[in-house]
Structures are given as structure tokens and as C-alpha cells.
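To find a chain, count down the sequence lines: A is the first, B the second, and so on, and within it residues start at 1. Side-chain atoms are counted along with the backbone in the values below, which use heavy atoms only and exclude waters and symmetry mates.
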Protein chains: 2
Amino acid sequence: MKTADPELMRAINRFHVVDAIRRFGPIARVEICERTELSPTTVSAITAALIDDRLIMPIAIGGVRDETARGRPRVQLTLNPDAAYVVGVKLAPDQITVATTNFRADVLESLTVPVRLARQSAAVIADLVEDGVRRSVADAGLTMAQVAGVCVGLPGIVARDAGVCRRSPIFGERDVPFAAALAARLAVPVTLDNDVNLVTLAEHWFGRGRGLDDFLVVSVEQSLGLGIIHRGEVFRAPNGLGPDLGDLLVRTPTGADVRLGEVASGAAILAEIAARSEPERAELLTGSGRGIIVARDLAEAGDADVTAVLAQAGVALGLVVANLIALFAPPRIILVGAVVDFGPPFLGPLTRTVEAWTPGGLGDVTEIVHQRWGDDIWARGAAAMTLRNLYGSPWNTTGPVTRRPPR
Amino acid sequence: MKTADPELMRAINRFHVVDAIRRFGPIARVEICERTELSPTTVSAITAALIDDRLIMPIAIGGVRDETARGRPRVQLTLNPDAAYVVGVKLAPDQITVATTNFRADVLESLTVPVRLARQSAAVIADLVEDGVRRSVADAGLTMAQVAGVCVGLPGIVARDAGVCRRSPIFGERDVPFAAALAARLAVPVTLDNDVNLVTLAEHWFGRGRGLDDFLVVSVEQSLGLGIIHRGEVFRAPNGLGPDLGDLLVRTPTGADVRLGEVASGAAILAEIAARSEPERAELLTGSGRGIIVARDLAEAGDADVTAVLAQAGVALGLVVANLIALFAPPRIILVGAVVDFGPPFLGPLTRTVEAWTPGGLGDVTEIVHQRWGDDIWARGAAAMTLRNLYGSPWNTTGPVTRRPPR
DNA sequence: TTCTTTATTTCGTGTCACAAATTAAAGCTG
DNA sequence: CAGCTTTAATTTGTGACACGAAATAAAGAA
């Protein structure tokens with residue numbers, strides 16, 4: 001742990017203030033005092049420094065003032081949306097999504113490039129991402145010089161600290177130093193992260209995890225993922241390794257050991273439905289990037305094969321979710337991803353399995369919810385991840401407050 | 001998160017100093033500076049306050065001084081062993097272990113009461129523990145007034161913050177407020193914790209987890225448990241809930257879903273061996289508390305039934321361990337407990353299974369070791385858990401350093 | 001004895017949070 | 001509209017802290 005000195009003290013309190021403004025802004029200084037339990041003096045000093053640095057700004061009009069309001073009106077403070085810009089990138093097997101956001105994580109521009117990445121080398125993918133980022137930034141009316149950072153999310157095992165992707169369905173290769181590759185192309189700081197960590201942060205900031213300090217996110221897209229918020233922070237294994245839920249071992253009803261990803265991932269589900277279909281439908285399901293949509297139509301039409309496969313996957317995932325409850329006892333588990341969006345045919349078996357197998361004594365602990373997102377939430381999460389770092393980073397560290405001009 | 005003020009600053013740094021002395025003591029102030037990266041000024045001030053409070057003390061003789069040493073000799077500092085005394089208690093299905101330790105977590109006295117707890121009510125168990133604690137404290141030549149705290153560890157699901165045992169093989173009842181019950185009897189602060197968290201802390205302080213900031217402990221006793229050290233701290237679910245590894249779901253080779261505890265726990269293993277034995281041996285295995293010892297003799301004699309059951313349990317646990325690696329990617333997993341002590345018949349199948357199923361890309365991450373402990377390590381861990389709290393607690397909080405008399 | 005070296009303490013400075021007092025900016029009152 | 005009240009925000013003054021620089025302590029070496 002870092003040793004404590006006045007600078008750390010200031011950094012902590014400044015982070016609290018910025019965080020309060022991000023979460024509850026526009027917000028007046030008095031309210032910041034209440035939320036953070038800092039004294040008015042301290043809040044005043046910190047906000048003055050932040051305004052000096054143009055990270056936050058007072059809002060001209062006081063907003064809706066209470067009818068019966070008395071006294072000096074409150075000055076609302078808000079993040080300066082133009083304090084910085086960041087770019088989030090999400091790599092999926094069949095597409096790249098890029099989003100450019102401002103300092104408030106509002107998406108200014110997002111674009112999706114449909115491309116089957118698995119067939120390409122890491123170098124080519126880096127080229128494609130570079131093009132996407134440059135285009136998105138330009139479309140937002142910005143230049144790369146204004147971009148403070150880029151975060152890339154992708155499925156698989158990612159060593160975040162090193163910026164290396166150990167293994168991913170995206171890359172044929174192992175141990176791809178993708179962050180460095182992209183940083184070299186864009187001349188901007190790049191972080192690499194597990195994609196589910198990004199959607200998890202997005203849930204924490206904008207979604208169903210708002211206000212919660214502990215929850216899990218289980219993502220069922222083409223591949224499976226797990227994100228953990230523990231004590232208000234994204235939980236990471238040493239080296240910043242992210243867990244890959246698809247790697248968990250389960251046994252099929254016949255007693256064979258397989259990875260969960262071979263049973264309950266979007267890819268596996270589509271493959272299984274395809275295997276049970278005539279060739280024409282099979283190609284529709286696995287050939288293009290639209291397999292999930294085809295399958296959803298079939299499910300809605302009540303296709304027995306599809307229903308059976310979804311139910312089987314739901315049960316398999318349900319057992320794993322029951323295990324996650326046993327391990328983490330989270331107040332909430334948020335299910336996200338295209339497969340979750342199938343709804344009852346998948347969620348029904350899943351929740352019934354969870355209920356049946358949740359360990360005794362933990363029955364009342366965990367609530368399971370699901371959330372439907374557009375494509376760009378992942379990229380927005382990536383942007384948020386970059387901002388999360390900026391809020392507490394050195395260029396935010398104003399140095400001693402007293403250095404401000406006495407005006 | 002707590003807001004930062006000078007007092008917090010001091011508390012953090014004081015903890016670092018105490019922790020350095022605990023881990024590396026006897027240790028001189030200069031070395032504390034190096035280890036903690038605090039300035040000599042700060043270390044001097046903090047150690048002076050600690051000496052004032054009699055939590056630490058200078059050692060008279062400087063120890064082995066280097067031949068070529070020059071200059072003013074270093075003064076070694078060490079924890080004052082008599083600064084406080086704590087008691088650790090471990091509840092197992094067939095015995096209670098109590099250990100009284102000093103402020104350095106040296107065991108002064110330990111005793112084991114063989115008693116089949118499962119048959120008794122929580123009130124009776126509390127009585128028994130009270131007697132054990134009073135006896136152990138008296139044997140150590142202390143009075144209860146000198147005891148700063150008691151920590152009780154037991155298997156099952158424990159809500160540490162509330163001091164409530166949600167469910168345990170020890171108690172027939174659910175939601176037993178055992179901490180309160182014992183505190184009322186002993187008039188001393190009592191904390192309740194999952195037993196594996198205690199042995200995990202013991203590993204961190206005295207065992208194979210020393211110097212590691214991240215590792216897992218998997219315990220295979222009568223029941224199964226998991227302990228996690230994450231960033232140097234015991235990882236706890238919200239509410240201080242501890243995970244119970246025995247609750248994890250696995251499938252048997254025939255495809256049935258069962259809890260891991262029904263396959264790979266000591267209790268399950270003994271029951272299965274007994275089921276394969278003639279009545280006389282069966283009773284030996286499950287009747288008294290000595291079943292494990294009987295089984296170990298059988299295993300050493302090469303009994304085929306025993307070997308087969310152990311192998312089966314090892315494989316089941318191996319699959320779970322592979323999953324834990326997928327989730328936590330820890331640098332080390334420490335296996336402990338009576339069943340682990342069977343050695344190769346159990347560990348062989350386990351490690352082979354882990355190796356076979358560790359997710360690709362994580363093959364080089366985790367090292368699996370095992371550790372043999374005496375009975376009282378659990379109780380020593382419980383004592384350490386209490387000390388862990390004392391080191392940072394209010395009575396340690398000297399208040400402003402400057403308030404010291406100028407002498 | 002008088003250096004030299006190393007450990008520890010003292011002194012002085014700068015940062016910080018915060019309580020108390022002050023100022024600011026409104027609405028209310030007669 | 002001039003005071004009064006109320007609430008928000010800032011300024012002032014104080015105490016705690018970490019730390020660099022200088023001083024002191026306690027040894028061995030010359």
C-alpha cells in the first residue's frame with residue numbers, strides 16, 4: 001500500500017469531490033459537503049482548484065429553485081464536458097465498435113465496422129482499429145491531439161497492466177501486445193481490458209449497478225464473460241488479469257467435462273442450433289454476423305430446436321451463476337448480452353436453475369436482473385474506464401492549492 | 001470510502017510501521033524507512049508514539065552486528081509481546097481448539113476439547129467454548145481482563161459483520177448469533193469468521209503466503225473451504241460473508257448435479273469409504289473423530305477402495321481448482337487440511353486434473369503447493385485475525401503525536 | 001583524542017483539513 | 001426601499017502531519 005502524505009490526502013479528497021460531481025452533478029458545493037462529509041472549507045478549496053483547471057465549471061442559471069427558497073442561491077457545479085475527450089473501442093468477433101466521448105462520458109460519435117476479425121492478424125486488426133478511431137474522432141469534430149486516451153475492450157484473457165491480450169477469440173495469436181501496437185499507431189495512451197470489465201463499469205456508472213458497491217455482471221455474447229464490482233471498484237486478479245467465464249468447467253448431462261463457453265456462449269448456441277438445422281438455415285445462423293438475429297426470430301416463432309438449445313444453455317449457465325453466488329454472495333447479478341436478450345426461453349431455465357441450486361442460507365442475498373443495451377454501451381464503458389483513470393491521474397493533480405494566484 | 005484527513009494519514013502510516021515490525025522485526029528504524037518508504041523523521045515520530053503506548057519496544061542488545069560495522073549502532077524494535085493478549089477458537093465437527101496468544105501471535109497455551117458439536121445446541125456450544133477459553137486463558141497465567149478479544153472460526157457461511165453464522169455443519173440451527181452469545185458470556189469483544197479465512201491469514205502471516213499479496217487457500221477438512229488474499233487483504237463478500245467451497249456445484253460422472261461437499265470433503269470421503277467397507281471398519285471410520293487417521297493408515301497400506309475414493313475426490317476438487325484459477329488467476333494456491341495430508345493418493349489426481357484443465361493462457365500463472373499444519377494453526381489464525389484488528393483500532397490510535405509529554 | 005560513519009532526533013517549512021468568523025446573495029418585512 | 005433573515009460560500013486562524021536539512025548520538029578507526 002502507498003504511504004500517506006498530504007498529497008495523497010488531497011488526491012483522495014479531490015477524487016471524492018470529482019466523483020460526487022460526476023454522479024450527482026450538477027450539484028452545489030453544500031451538497032458535495034453532505035455527500036462526501038468533507039467540510040465546506042475543503043470543498044471550497046478543492047472545487048476552486050478544479051475550476052482553475054477547467055475540469056469542472058459553475059452553471060450560470062441555478063436551475064429549478066425551490067419556491068420557498070431563501071438565502072444565497074446555490075451555485076451548481078458540473079463536469080466540464082470539454083475538459084477532455086476519450087475513445088472507447090470494443091472488439092467483437094464480427095465487428096468493431098468505436099465511440100468518442102467527452103469528459104462526462106456522453107457519446108459524441110459512435111461507429112460500427114462489421115468485420116470478421118478472427119480471420120485477420122493482430123497487425124491488421126490494429127490497423128482497422130486505428131482507422132476506426134481516427135474516423136470517429138474526426139466525425140466528432142476533434143483532432144487526435146485532443147484525445148486524452150483510448151481504451152480497448154475485447155473478450156478473452158487480458159493482462160491489463162501489461163497491455164497484453166493473453167488469449168482471445170479475436171486473435172489467432174497468443175500474447176498480443178495490442179495496447180503498445182495501437183499506442184504506436186495513434187500516439188495516444190492506450191489501455192487494454194477485458195470487454196466485460198467495461199460493460200461492468202458502464203453498469204456501475206449508468207446502468208443497474210448505479211449506487212451499488214458490490215455486484216456481478218455476467219455477459220452472454222458470442223463469448224461469455226464475468227465482471228465484478230467489489231467495494232465500488234472493478235475487481236481484478238493480479239496482473240490485471242480478467243476472468244473468462246467461458247473457461248469455467250462444467251459437465252454435460254452425459255458426464256463429459258467441457259468449458260462453459262462450449263455450451264452456453266452465443267457462438268456455441270448458434271453452432272448447436274445450426275447442427276440441428278438443414279444446411280440452408282445453418283449457413284444463415286453461422287455464416288454472417290447476423291446469426292443471433294436469425295435465431296431470435298426462430299425463438300419468437302417458437303421453434304422447438306432453438307428453444308431446447310436455449311434451455312440447455314440456460315441451465316448450464318444457471319449452475320455457474322449459482323456457484324458465483326456461493327463464491328461472491330453479491331446483492332445483485334446483472335445479466336447482459338445478445339443471448340440474454342432472447343428473454344424467457346433462455347432466462348426462464350436459467351433463473352429456475354439458480355433458484356433450485358442457490359446454497360442454503362444465501363437464498364435472500366442475490367437478486368438477478370437483466371439489462372438490454374445497444375452496441376455502443378461497451379464502447380461507452382471503455383471511455384468511462386479511461387475517464388476513471390483521468391479523474392485521479394497526475395494531470396489532474398493540481399499540486400498545492402495555495403499556488404493559485406490570489407487574484 | 002472514508003474521507004482523508006491528517007488523522008487517517010497518521011493511521012495509515014502507523015499501520016505500515018506496525019506491520020513492518022510485525023513482519024520483519026526485530027527491525028531498526030532505518031530499515032523501517034526503507035521498507036515503508038517513509039522518511040526517518042516520520043518513522044521516528046511514529047515509533048516514539050508506539051513505544052509510549054507500549055505496543056513496541058527497543059531491544060537491549062543490538063543482535064549480531066556486522067563485523068565491519070561503523071557508526072551509531074541500530075536499535076532493533078520489536079512488538080511488545082505483552083501489549084495485549086487474544087484468544088482464537090476453531091470449531092470443527094468433532095472438536096474445539098482454543099489458543100491463547102500474545103501480541104506477537106505466539107501461542108502461549110492451546111487446548112483441544114474432543115466433542116461432537118453437531119449434536120449440541122448453539123447455547124451448549126457457547127457454554128463449551130466459554131469454558132475452553134477461560135481454561136486456556138487461566139493456563140496461560142492470564143485473567144480474562146487481560147484479553148483484548150476473541151475470534152471464533154467455524155466452517156459454513158458466516159456473516160462476519162453481524163457476528164452471525166448463517167449455516168454451518170456445526171450448528172443444527174440457522175442464523176445463530178454466536179458472537180453476541182459468546183460476548184455476553186465472556187464480557188470480551190468477540191468476532192466470528194469463516195474458519196478458512198483464519199487459516200488463510202495464518203498462511204499470510206506465518207506460512208506459505210508470506211510476502212505474497214495474492215493467493216488462495218483451499219482447505220479440505222471435514223468440510224471444504226476457500227480463503228482469498230487479494231491485494232494483501234482477506235477478500236470478503238458483502239456483509240463479510242465467506243464463501244463455502246462445499247456449496248459449489250459439480251456433476252458426477254453419471255451426470256447428476258451435487259455439491260462439491262458431497263464428493264470431496266473429508267466427511268464425504270469417509271462416508272464413501274465406509275459404504276464400501278464391512279460394518280466393523282465402517283464404524284471405525286465414521287463413528288469416532290478418528291476416521292481420518294484410520295483412513296490414512298488404510299491409504300498407506302495401499303487399500304484399493306480408499307485409493308479409488310481419494311482419487312475420485314481429487315479429480316472433483318481438481319476441476320474446481322481449475323475453475324478458481326480461471327476466476328482469480330492467483331500466483332499461488334495453498335492446499336491445507338487433513339485430507340490434503342493424505343498426499344499422493346489425493347494430490348496426484350488433483351494436480352493432474354488441474355494441469356489438464358487449466359485454461360489456456362493461464363498455464364504459467366498459478367503454482368499449487370500444500371502445507372501441513374498442526375491443529376492449533378487455525379486457532380492461531382483466529383488470534384492473528386483479532387490482532388489484525390487491534391493493530392489498526394482506536395486504542396491503538398494514540399491521537400495527536402504532539403500531545404506526548406515533552407519530558 | 002580526534003576523525004569518520006551511521007542512526008536517530010530536532011528544527012523549520014509547507015500542505016492539508018477544519019472550525020469559526022466573515023462575506024455574499026438572495027428573500028422577507030414593515 | 002432600507003434593514004432583517006436565511007442560506008451559501010469564502011476567508012482567517014489553528015493544529016496535525018510529513019519531510020528536508022541540520023543537529024546530535026553513538027559507535028569504530030586513526
Side-chain angles (χ1 to χ4, degrees), chain A residues 2-14 16-17 26-34 36-52 58-63 65-77 397-404 406-407, chain B residues 2-14 16-17 26-34 36-52 58-63 65-77 397-404 406-407:
Chain A
K2 201 188 163 319
T3 64
D5 58 11
E7 229 173 286
L8 175 71
M9 203 162 96
R10 197 26 162 321
I12 291 172
N13 288 338
R14 189 176 42 226
H16 281 139
V17 170
I27 181 177
R29 279 174 256 254
V30 240
E31 299 170 61
I32 298 177
C33 296
E34 290 163 16
T36 61
E37 299 189 336
L38 290 167
S39 72
T41 316
T42 304
V43 170
S44 215
I46 291 177
T47 52
L50 291 171
I51 289 172
D52 239 41
I59 283 186
I61 199 82
R65 222 178 150 209
D66 198 334
E67 271 307 298
T68 61
R70 302 282 303 276
R72 177 178 177 172
R74 302 176 167 195
V75 178
Q76 307 290 117
L77 301 174
T397 303
T398 321
V401 156
T402 359
R403 120 195 128 46
R404 274 187 309 138
R407 71 186 83 168
Chain B
K2 201 190 163 314
T3 63
D5 59 11
E7 231 173 283
L8 175 71
M9 206 160 92
R10 199 15 144 6
I12 291 172
N13 288 338
R14 188 178 41 225
H16 281 139
V17 170
I27 181 177
R29 280 173 255 253
V30 241
E31 299 169 62
I32 298 177
C33 296
E34 289 162 18
T36 61
E37 299 189 336
L38 290 166
S39 71
T41 315
T42 303
V43 170
S44 212
I46 291 177
T47 52
L50 291 171
I51 290 171
D52 240 41
I59 284 187
I61 200 81
R65 227 185 145 203
D66 200 332
E67 272 305 299
T68 60
R70 302 280 305 276
R72 178 176 176 172
R74 303 174 165 194
V75 179
Q76 307 290 115
L77 300 174
T397 302
T398 321
V401 156
T402 359
R403 119 194 129 44
R404 274 185 309 139
R407 70 185 82 168

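Counting all heavy atoms, side chain and backbone alike, Val43(B) lies closest to Thr36(B) at CG2-OG1, 4.4 Å. Across all non-hydrogen atoms, the minimal contact from Met9(B) to Asp5(A) is SD-C, 3.5 Å. Shown here for Val75(B) and Pro58(B), the closest heavy-atom pair between the two residues is CG1-CB, 3.7 Å.
Phosphate contact (OP1/OP2 of dA17(C), side-chain N/O of Thr41(A), threshold under 4.0 Å): absent. The shortest distance between the side-chain N/O atoms of Arg70(B) and the OP1/OP2 oxygens of dT6(C) is not below 4.0 Å.
Nucleotides of DNA chain D nearest to Val43(A) and Pro6(A) differ in position, and the one nearer the 5' end is that of Val43(A). Mapping Thr47(A) and Thr42(B) onto DNA chain D by nearest heavy atom places Thr47(A) at the nucleotide closer to the 5' end.
Rounded to whole Å, the distance from CD on Gln76(B) to P on dA7(C) is 11 Å. Look at CD1 on Ile32(A): it is 9 Å from P on dA9(D), rounded to the nearest Å. Atom CE in Met9(B) sits roughly 12 Å away from atom P in dC18(C) (whole-Å rounding). Distance CD (Glu7(A)) to P (dG14(C)): 15 Å, rounded to an integer number of Å. What separates NE2 of His16(A) from P of dC18(C) is a distance of 12 Å, to the nearest Å. When the P atom of dA9(D) is taken as reference, atom CG of Leu38(A) falls 15 Å away, rounded to whole Å. When rounded to the nearest whole Å, the span between CZ of Arg74(B) and P of dA27(D) equals 15 Å. Between the CZ atom of Arg10(B) and the P atom of dC16(C) there is a distance of 18 Å, rounded to whole Å.
Residue Ala28(B) places its side chain closer to dT8(C) than to any other of dT8(C), dA25(C), dA17(C). Proximity note for Asn13(A) (side chain, C-beta onward) versus dA17(C), dT6(C), dC19(D): the nearest is dA17(C). In this structure, of dA18(D), dA26(D), dT8(C), it is dA18(D) that holds the atom nearest to the side chain of Asp5(A). Of the candidates dA9(D), dC19(D), dA19(C), the closest approach to any side-chain atom of Arg29(A) belongs to dA9(D).
For Pro26(A), the side chain to side chain contact (heavy atoms under 4.5 Å, CB included) partners two or more places apart in sequence, or in a different chain, are Ile59(A), Gln76(A), Thr78(A). For Ser39(A), the side chain to side chain contact (heavy atoms under 4.5 Å, CB included) test picks out Thr41(A), Thr42(A), with sequence neighbours left out. Considering only residues two or more places apart in sequence or on other chains, Pro40(A) meets the side chain to side chain contact (heavy atoms under 4.5 Å, CB included) condition with Cys33(A).
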side-chain contact (heavy atoms from CB on, under 4.5 Å) for Val17(A) and Thr47(A)? Distances and angles first, verdict last. CA-CA 8 Å; Val17(A) 170; Thr47(A) 52; 4.0 Å; yes

Quick test: give all pairs of protein nitrogen or oxygen and nucleotides 22-25 of chain D nitrogen or oxygen below 3.5 Å, distance rounded to 0.1 Å.
{"from": "dA25(D)", "atom 1": "O4'", "to": "Arg72(B)", "atom 2": "NH1", "distance (Å)": "3.4"}

